[in-house]
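Encoded as structure tokens, the structure appears first; notes follow it.
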Amino acid sequence: MFDVIVIGGGVIGGAVLRELTKYKISVCMLEKENDVCMGQSKANSGIVHAGFDAAEGSLKAKFNVAGNKMMPAYAEELGVKYVNNGSLVVAFSQEDLKTLQVLKARGETNGVTDMEIISKEELRALEPHISENALGALHAKTGGIVCPYGLTIAAIGNAMDNGAKLYTDFEVVDMQKQDGVFTLTAKDGRTEQAKLVINCAGLGSGKIAALAGDSDIVVKGRRGEYILLDRESGDFVSHTLFFTPTQKGKGILVTQTADNNILLGPTSEEVETGNTDTTADGLAFVIQKVNAMVNNPPLYNTITSFTGVRAYSTRHDFILEESKHVAGLLHCAGIESPGLTSAPAIAKYVVEELVSKHIDLQKNENFQGKRKAEYFFKQLSVEEQNALIRKDPSYGRIVCRCEQITEGEIVRAIRENPPAKNIDAVKRRTRAGMGRCQGGFCQPFVAELIAKQQGIPFEQVTKNGKGSEIVVGVSK
Amino acid sequence: MKNAYDIVIIGGGPAGLAAAIAAYDAGVKDILILEREDRLGGILNQCIHNGFGLTRFKESLSGPEYAARFIDEVEKRAIEVLTQTTVLSLTKDKTVTAINTEYGVFTVQAKAVVLAMGCRERSRGALNVAGSRPAGVYSAGTAQKYVNIKGYLPGKSVVILGSGDIGLIMARRMTLEGAKVHAVCEIMPYSSGLKRNIAQCLDDFDIPLYLNHTITKIEGDKRVTGVVVSKVDENRKPIKGTEMHFDCDTVLFSVGLIPENELTKSAGIDLSPRTRGAVVYQNRETLVDGVFACGNVLQVHDLVDFVSEESELAGVSAAKYVLGEREEKDVIDVVNGKNVSYVIPQKLDKKASGNVKLFFRATGTFRNCVITAKCGDTVLLQRKKQIVVPGEMETLLLAQAKIAAAQGNIEITLEEQA
């Protein structure tokens with residue numbers, strides 16, 4: 001039995017789990033997929049929003065601005081690259097120019113600093129490839145970028161290093177509370193118990209709420225298709241470029257990523273399921289909008305495309321509250337954009353304001369918030385790298401040539417928290433296979449390392465869990 | 001290992017091997033070959049089919065056999081080799097930074113560098129093929145590695161997109177392994193593969209080749225369950241209503257090779273947007289003095305025999321550079337004329353000795369055509385050819401005297417006769 005169970009291994013669940021390990025309580029995370037970070041946290045724009053977008057007085061506004069301020073330190077502690085590249089909301093019409101004033105005023109009300117409306121010429125000086133049709137922009141200097149899956153996995157790994165437990169393939173299908181104890185049952189019959197449950201189930205947070213009878217929490221999905229360009233074109237833009245928002249939302253963006261790729265997208269289409277297929281029409285729409293924003297985007301350097309399904313609640317604001325029907329069930333539901341930015345602030349709020357009402361929180365003096373430097377081989381100096389190679393020569397063997405990822409990093413990802421069980425899981429932790437050849441060269445080597453480390457036959461190595469074995473048998 | 005060499009060769013595949021041997025025989029013995037895999041030979045090691053060496057050795061060798069002939073020569077000369085060593089960066093002043101388990105991250109200073117990194121396959125992601133992202137989607141070369149090197153079968157029911165040579169070879173290979181290959185789809189109206197491979201790998205096994213077709217959707221959650229194939233119009237856009245469905249568990253992509261020029265780019269060496277390889281003179285020197293490029297990192301060749309030939313030229317040129325045989329160049333450009341997609345070399349030094357073999361590719365299929373090299377209105381050379389296809393490289397031998405006499409750039413054109 002745990003003090004607290006967190007349902008859902010996304011960026012919110014991860015931040016909450018880690019925040020909980022700062023206290024002397026026992027905590028665990030239940031994740032329905034075979035790995036953490038399998039939903040919207042792995043397939044979004046990776047933007048650390050400034051906070052001018054959310055309506056005044058909303059929870060989104062409050063946590064966005066607070067999260068934006070916390071993000072640099074949060075990412076640094078977890079060893080995840082954060083870049084303060086600044087956001088530009090680009091106006092293409094007189095009406096857009098008026099909207100920029102509205103956004104700036106809203107940002108000021110929300111507590112956003114360092115915003116400036118810049119002219120066409122100033123915009124061009126910042127972004128030389130911007131379309132001739134751009135008339136000006138709102139420059140929000142506190143905008144940033146971060147690797148969303150890196151942030152999620154690092155937070156969960158760090159929480160586990162600090163004692164949190166993780167159960168994967170645990171899809172919660174039943175929740176009972178008796179004598180102050182929750183019993184959560186998985187699809188396969190396993191159960192876990194706790195005094196307190198925190199619902200961070202993303203797209204599934206409505207379903208979890210429904211288990212408690214909280215039918216007022218309705219969570220739906222919105223599909224977004226993206227195109228990713230090679231790092232070779234990584235300097236094509238340096239800021240995050242947004243179209244001026246309309247009634248329909250924020251629209252397509254063009255941005256550098258924290259790993260120096262260029263990301264284009266997302267489309268926006270309301271859906272009932274979590275289907276992450278890409279479509280020809282969706283990708284064509286992304287390309288059409290990108291061409292309107294910038295001149296000659298280097299689409300020849302496309303390395304992949306993907307789809308994320310973002311959850312949103314019908315309240316169109318974050319839901320951070322205790323269940324109306326079951327005491328001790330806390331909801332973090334409908335966390336849509338700017339959820340990534342808000343994650344550290346949400347976690348702090350949920351633990352300090354909501355969890356503390358139920359559990360007496362004593363500081364955990366042994367909490368180690370910093371992840372070890374070996375996780376970030378490429379960020380080390382040559383001297384540090386060589387010291388590590390002398391200690392463990394596998395750091396001297398490059399496995400993924402495109403992203404220059406070593407065997408040592410891959411083995412570490414397979415062994416350490418949260419352990420990578422398959423090829424995609426290794427990719428999300430190390431970037432091996434994320435480069436321009438998309439795993440064409442390194443996949444067989446990564447598969448061998450997984451087989452060896454896990455002591456399983458090669459034929460059982462999967463791309464992404466059971467049913468996705470990468471080979472079907474031996475050759476003749 | 002020392003920290004300085006006369007010549008450092010990046011890549012120990014067919015290009016690097018031939019360059020090393022030629023440089024050695026031209027009088028420079030102080031050579032280091034850096035190879036990222038655990039053995040020399042490059043991609044030849046996984047090409048266990050035969051047909052290599054027909055031009056060079058007048059016999060049909062397997063890939064490993066062809067490589068062995070060069071590896072033996074390298075060993076005879078005791079040329080220094082570091083395997084399992086990946087080059088991380090290269091600078092214009094020819095400092096090479098590399099990494100391996102023995103020396104960690106280290107630098108080597110070279111007097112001359114030969115770029116011989118080869119190429120990589122274009123991936124599914126680069127094409128924006130719609131649908132899901134399940135297991136069972138491989139580039140043809142990756143599938144070849146699984147079958148021939150690792151000893152595993154990647155799938156049993158296959159559709160192949162792209163009729164490049166590796167795709168054709170793998171259609172046969174997968175069939176021989178007991179898999180069913182349902183179709184090879186090619187978006188262009190012609191195959192980019194060798195004619196002999198179409199005959200020997202598809203026709204002999206009754207594997208249908210669908211020209212003007214592409215995969216428009218990949219299906220399957222965990223593993224591929226099928227693909228949708230559509231006919232394309234003259235702009236290569238899928239035509240609605242022409243969809244065919246194939247049940248399959250595997251999709252192989254053989255949709256082009258891209259020279260691996262990240263190091264070249266990091267050194268600030270000019271690349272050609274047409275070949276995505278370095279811009280070179282006839283001696284295969286790039287626009288940075290003392291840095292040479294050859295093999296598939298320079299231009300994607302049809303046959304390894306041509307890779308060897310080009311790399312010997314680069315190796316000899318690197319040796320001459322080290323031995324101080326340098327003069328100021330008098331440079332003209334080679335221009336891609338009508339129906340020509342690229343020509344190697346892109347630049348000619350009028351003062352350099354020797355006749356020059358120009359390599360070029362056509363932009364499409366042409367019949368009864370005339371290939372012309374001209375300088376302004378002066379025709380330097382003209383040759384007739386019955387058929388020219390993009391999948392087969394063409395050559396044109398220009399006499400040194402004609403280059404030396406050229407009063408401007410030389411243009412190569414390809415025209416069909418009425």
Side-chain angles (χ1 to χ4, degrees), chain A residues 227-228 230 232 275-284 287 299-306 382 385-390 393-398 401-402 404 406-407 423-424 436-441 443-444 447-448 458-459 462-476, chain B residues 36 84-86 88 97 99-106 120-139 141-142 145-156 173 176-179 216-223 238 249-250 253 258 260 262 265 273:
Chain A
I227 295 172
L228 188 73
D230 188 1
E232 189 177 276
N275 181 332
T276 56
D277 281 11
T278 51
T279 64
D281 290 347
L283 297 176
I287 290 170
L299 294 165
Y300 59 87
N301 258 332
T302 297
I303 56 174
T304 193
S305 48
F306 60 90
V382 170
Q385 288 179 339
N386 281 335
L388 191 55
I389 294 168
R390 274 193 296 277
S394 68
Y395 283 93
R397 191 175 298 124
I398 299 277
R401 60 172 80 159
C402 303
Q404 297 187 346
T406 66
E407 182 180 323
I423 286 164
D424 282 356
R436 49 186 72 94
C437 90
Q438 288 286 295
F441 285 117
Q443 194 202 65
E448 278 177 341
F458 192 88
E459 295 97 309
T462 67
K463 178 176 186 285
N464 172 28
K466 209 164 168 44
S468 67
E469 287 72 19
I470 52 167
V471 297
V472 298
V474 294
S475 56
K476 283 180 180 171
Chain B
R36 58 188 153 204
Q84 291 193 25
T85 303
T86 302
L88 299 173
T97 303
I99 183 171
N100 67 18
T101 56
E102 198 180 348
Y103 304 113
V105 179
F106 63 96
R120 66 168 180 273
E121 297 178 277
R122 182 173 278 121
S123 73
R124 174 246 171 122
L127 302 182
N128 275 344
V129 177
S132 57
R133 286 169 302 286
V137 180
Y138 297 105
S139 61
T142 307
K145 180 153 205 158
Y146 275 122
V147 177
N148 293 347
I149 301 283
K150 303 288 174 191
Y152 297 104
L153 191 60
K156 289 180 175 160
R173 189 81 190 97
L176 293 174
E177 286 292 333
T216 44
K217 192 179 182 197
I218 294 176
E219 299 167 346
D221 175 22
K222 290 285 184 183
R223 176 88 199 185
D249 65 10
T250 304
F253 280 79
I258 304 168
E260 287 239 88
E262 284 66 41
K265 220 187 153 190

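In what follows, chains carry the letters A, B, and so on, assigned in the order in which the sequence lines appear, proteins first and then strands, with residues in each chain numbered from 1.
In this structure, the portions of B:Lys156 lying under 4.5 Å from any heavy atom of chain A include both its backbone and its side chain. Residue A:Thr279 touches chain B through its backbone alone, counting heavy-atom pairs closer than 4.5 Å. Heavy atoms closer than 4.5 Å to chain A are found in the side chain of B:Ser123, but not in its backbone. Of the atoms belonging to A:Gln385, it is side-chain heavy atoms, and not backbone ones, that fall under 4.5 Å from chain B. Looking at A:Glu469, only its backbone comes within 4.5 Å of chain B, counting heavy atoms on both sides. Heavy-atom distances place the backbone of B:Leu176, and not its side chain, under 4.5 Å from chain A. Proximity to chain B is limited to the side chain of A:Gln404, based on heavy atoms less than 4.5 angstrom apart. Heavy atoms closer than 4.5 Å to chain A are found in the side chain of B:Arg36, but not in its backbone. Of the two parts of A:Val382, only the side chain, counted from C-beta on, holds a non-hydrogen atom closer than 4.5 Å to a non-hydrogen atom of chain B. Proximity to chain B is absent for every atom of A:Leu228, based on heavy atoms less than 4.5 angstrom apart. Residue B:Glu260 touches chain A through its side chain alone, counting heavy-atom pairs closer than 4.5 Å. Both the backbone and the side chain of B:Glu177 come within contact range of chain A, each with at least one heavy atom under 4.5 Å from a heavy atom of that chain. In this structure, the portions of A:Ile470 lying under 4.5 Å from any heavy atom of chain B include both its backbone and its side chain. If you measure heavy-atom distances from A:Asp424 to chain B, you find no contacts under 4.5 Å at all. For B:Phe106, no part sits under 4.5 Å from any heavy atom of chain A, backbone or side chain.
The minimum heavy-atom distance linking B:Ala135 with A:Ser468 is given by the pair CB-O, 3.3 Å. Shown here for A:Asn386 and B:Tyr103, the closest heavy-atom pair between the two residues is OD1-O, 4.2 Å. The shortest heavy-atom contact between A:Val472 and B:Pro154 is CG1-O, 4.0 Å. Closest of all the heavy-atom pairs between B:Arg133 and A:Ser305 is CD-O, 3.7 Å.
One finds the CD atom of A:Gln443 at 3.5 Å from the OH atom of B:Tyr146 (value rounded to the nearest 0.5 Å). Between the CD1 atom of A:Ile303 and the CG atom of B:Leu127 there is a distance of 13.0 Å, given to the nearest 0.5 Å. To the nearest 0.5 Å, atom CG of residue A:Asp277 and atom CD of residue B:Glu219 are 8.5 Å apart. Here the straight-line distance linking atom NZ of B:Lys150 with atom OG of A:Ser475 works out to 12.0 Å at 0.5 Å rounding.
Across B:Thr101, B:Thr97, B:Thr142, the residue that shares the most heavy-atom pairs under 4.5 angstrom with chain A is B:Thr101. In terms of heavy-atom pairs under 4.5 Å with chain A, the best-connected choice from B:Asn128, B:Asn148, B:Asn100 is B:Asn128. With chain B as the partner, the residue from A:Lys463, A:Arg390, A:Arg401 showing the most heavy-atom pairs under 4.5 Å is A:Arg401. Your options are B:Ser139, B:Gly131, B:Ala126, and the one with the most heavy-atom pairs under 4.5 Å with chain A is B:Gly131. Residue with the most contacts toward chain B among A:Pro444, A:Gly282, A:Gly440: A:Pro444 (heavy-atom pairs, distance under 4.5 Å). Counting heavy-atom pairs closer than 4.5 Å to chain A, the top residue among B:Gly155, B:Gly136, B:Gly141, B:Ala179 is B:Gly155. Taking B:Glu121, B:Lys217, B:Lys265, B:Lys145 one by one and counting their heavy-atom pairs under 4.5 Å with chain A, the maximum is reached by B:Lys265.
Under the 4.5 Å side-chain criterion, counting only non-hydrogen atoms from C-beta, B:Ile99 is in contact with A:Ile398. Residues A:Ile389 and B:Val105 have side chains in contact (heavy-atom distance under 4.5 Å, counting atoms from C-beta outward).
Counting only N and O atoms by type, the side chains of A:Arg397 and B:Gln84 include a donor and acceptor under 3.5 Å apart.
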Practice problem: Show your working on salt bridge (Lys or Arg N to Asp or Glu O under 4.0 Å) between A:Arg436 and B:Glu262 and close with a plain yes or no. | Solution: CA-CA 10 Å; A:Arg436 49 186 72 94; B:Glu262 284 66 41; 3.4 Å; yes
